[in-house]
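A short worksheet on the structure shown next.
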Amino acid sequence: QVQLVESRGGLVQPGGSLRLSCAASGIIFSIYHMGWYRQAPGKQRELVAAITKGGSTNYIDSVKGRFTISRDNAKNTVYLQMNSLKPEDTAVYYCNAKGRYSGMAYWGKGTLVTVSS
């Protein structure tokens, strides 16, 4: 079966950094587009960053210059490097995999990132 397993989030001080990882199994990872979503309390889930199978990346404006999404196809893993974290980055972060042509989509269980002093 398909599994997306996110690394543990945690509590980070404002201005700090954290790297999230998502290990995928049960899919041909190299042909899937990958993304990181987040959902803060009282807000809609939003796409934070995405990376295509070809390595093209996209970010929401609020994280540009601070977050970097990357993938390691040899390890079936996608990463989200988060720098200069702000309290408004506090959310549950979800890993997502989407087949470009099949339309199949899969989700991780989510990991909580709290940015607070």
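The figures here come from the full heavy-atom set of this structure, side chains too, leaving out hydrogens, waters and symmetry mates.
- Figure legend: Arg71 and Phe29 shown as a cation-pi pair, the cationic atom lying under 6.0 angstrom from the six-membered ring centre and within 45 degrees of its axis.
- The distance from the CD atom of Glu6 to the SG atom of Cys95 is 5.5 Å, given to the nearest 0.5 Å.
- A donor and an acceptor atom, one from each side chain of Ser17 and Asn83, are located under 3.5 Å apart.
- In terms of hydrophobic clustering, with Ile, Leu, Val, Met, Phe, Trp and Tyr side chains grouped at heavy-atom distances under 4.5 Å, Leu18 and Tyr37 are assigned to different clusters.
- By the rule that hydrophobic residues join a cluster once side-chain heavy atoms approach within less than 4.5 Å of another member, Leu80 and Leu85 end up as members of one cluster.
- Both Met82 and Ile60 belong to a single network of hydrophobic side chains, linked directly or stepwise wherever heavy atoms of I, L, V, M, F, W or Y lie under 4.5 Å apart.
- The CG atom of Asp72 lies 11.0 Å from the OG atom of Ser21; values are rounded to the nearest 0.5 Å.
- Val2 and Ile28 fall within the same hydrophobic cluster, defined by Ile, Leu, Val, Met, Phe, Trp and Tyr side-chain heavy atoms under 4.5 Å apart, directly or through other members.
- Between Tyr94 and Gly110, the closest heavy-atom pair is CD2-CA, 3.5 Å.
- Closest of all the heavy-atom pairs between Ala40 and Ala91 is N-CB, 3.8 Å.
- Atoms CD1 and OG, from Ile31 and Ser102 in turn, are 7.0 Å apart once rounded to the nearest 0.5 Å.
- If you take OG1 on Thr111 and CG on Leu20, they are separated by 6.0 Å, rounding to the nearest 0.5 Å.
- Taking each heavy atom of Ser117 and Pro14 in turn, the nearest pair found is N-CD, 3.7 Å.
- Between Ile27 and Ala24, the shortest heavy-atom contact is CD1-CB, 4.2 Å.
- Annotation: side chain of Val78 is in contact with side chain of Ile51 (closest heavy-atom distance under 4.5 Å).
- Arg38 and Glu46 are joined by a salt bridge, as a carboxylate oxygen and a charged side-chain nitrogen come within less than 4.0 angstrom of each other.
- The number of heavy atoms from other shown groups lying within 6.0 Å of CG (Leu11) is above 12.
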Residues Val115, Val113; criterion side-chain contact (heavy atoms from CB on, under 4.5 Å); working and verdict = CA-CA 7 Å; Val115 184; Val113 175; 4.3 Å; yes

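- The aromatic ring centroids of Phe67 and Trp36 lie 6.0 Å or more from each other.
- Closest non-hydrogen pair, Ala97 versus Leu4, comes out as N-CD1, 3.8 Å.
- In the hydrophobic clustering of this structure, Ile69 groups with Tyr106; members are Ile, Leu, Val, Met, Phe, Trp, Tyr whose side-chain heavy atoms approach within less than 4.5 Å, directly or through other members.
- Going from atom CD of Gln81 over to atom CZ of Arg19 covers 7.0 Å, rounded to the nearest 0.5 Å.
- Side-chain contact between Tyr59 and Thr68: present, with at least one pair of heavy atoms (C-beta onward) separated by less than 4.5 Å.
- Looking at heavy atoms from C-beta onward, Met34 lies out of side-chain contact with Lys98 at the 4.5 angstrom threshold.
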